A.B. asks: 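So that we are looking at the same thing, I have put the structure below in structure tokens.
Scope of the values below: all heavy atoms of this structure, side chains included, with no hydrogens, waters or symmetry mates. Values in this document were obtained by computation on a predicted structure and should not be read as measured data.
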Amino acid sequence: MDTDDDRVAWHDGGNDWSLATVAEFRRDRIMVFWVSDHACQKGKWNLEDGQLELTRGVGASVRY
């Protein structure tokens with residue numbers, strides 16, 4: 001995703017078992033990289049569904 005409003009460039013990838021995301025918040029000069037060895041727990045949570053919210057939250061927590 002890369003938009004003028006958000007100024008975020010990101011890439012993700014994984015498989016049924018793991019998931020990784022790298023995001024660059026260009027305006028704030030912040031990079032977030034996270035990896036999980038579990039991408040989901042059936043019927044409870046799925047990191048693919050919440051990865052944007054999680055990544056933005058991590059980025060927000062390191063702003064100064």
Side-chain angles (χ1 to χ4, degrees):
M1 176 172 111
D2 188 5
T3 68
D4 290 337
D5 293 338
D6 294 335
R7 298 184 190 265
V8 176
W10 81 330
H11 181 76
D12 64 359
N15 53 34
D16 291 339
W17 183 254
S18 63
L19 181 65
T21 298
V22 62
E24 178 189 357
F25 296 84
R26 294 179 173 179
R27 183 179 340 192
D28 299 318
R29 300 177 64 195
I30 294 171
M31 188 185 99
V32 173
F33 175 74
W34 61 265
V35 177
S36 176
D37 64 350
H38 284 72
C40 66
Q41 186 172 11
K42 191 173 182 174
K44 294 190 177 187
W45 53 269
N46 185 332
L47 286 177
E48 284 187 281
D49 294 340
Q51 69 180 318
L52 180 58
E53 182 180 351
L54 174 63
T55 303
R56 287 182 189 263
V58 171
S61 71
V62 298
R63 283 188 180 88
Y64 51 93

A.B. asks: CH2 of Trp10 to CZ of Phe25: how many Å apart, nearest 0.5 Å?
C.D. replies: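 The distance works out to 8.5 Å.
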A.B. asks: Determine, using the 4.5 Å side-chain heavy-atom cutoff (strictly less than), whether Ile30 and Leu54 are members of one ILVMFWY cluster.
C.D. replies: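 Result: yes, single cluster for both.
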A.B. asks: Are Val62 and Val22 connected in the hydrophobic side-chain network, where two residues link if heavy atoms are under 4.5 Å apart?
C.D. replies: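 No, Val62 does not connect to Val22 through the hydrophobic network.
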A.B. asks: Are Trp17 and Trp45 connected into the same hydrophobic cluster when the rule is that any two of I, L, V, M, F, W, Y join if their side-chain heavy atoms are below 4.5 Å apart?
C.D. replies: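 Shared cluster, no.
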A.B. asks: Could you state the interatomic distance from CG (Leu19) to CD (Glu48), rounded to the nearest 0.5 Å?
C.D. replies: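 These two atoms lie 5.5 Å from each other.
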A.B. asks: Any donor and acceptor pair, going by atom type alone, linking the side chain of Thr55 with main-chain N or O of Leu52 inside 3.5 Å?
C.D. replies: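 The answer is no, because no donor-acceptor pair under 3.5 Å joins these two groups.
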A.B. asks: Considering non-hydrogen atoms only, spot the tightest contact between Asp12 and Gln51 and give its length.
C.D. replies: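 That closest heavy-atom pairing would be OD2-NE2, 2.7 Å.
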A.B. asks: About how many Å separate CD of Gln41 and CG of Asn46, when rounded to the nearest 0.5 Å?
C.D. replies: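 The CD atom of Gln41 is 11.0 Å from CG of Asn46, to the nearest 0.5 Å.
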A.B. asks: Hydrophobic clustering (ILVMFWY, side-chain heavy atoms < 4.5 Å, transitive) - are Phe33 and Val8 grouped together?
C.D. replies: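 Result: no, two separate clusters.
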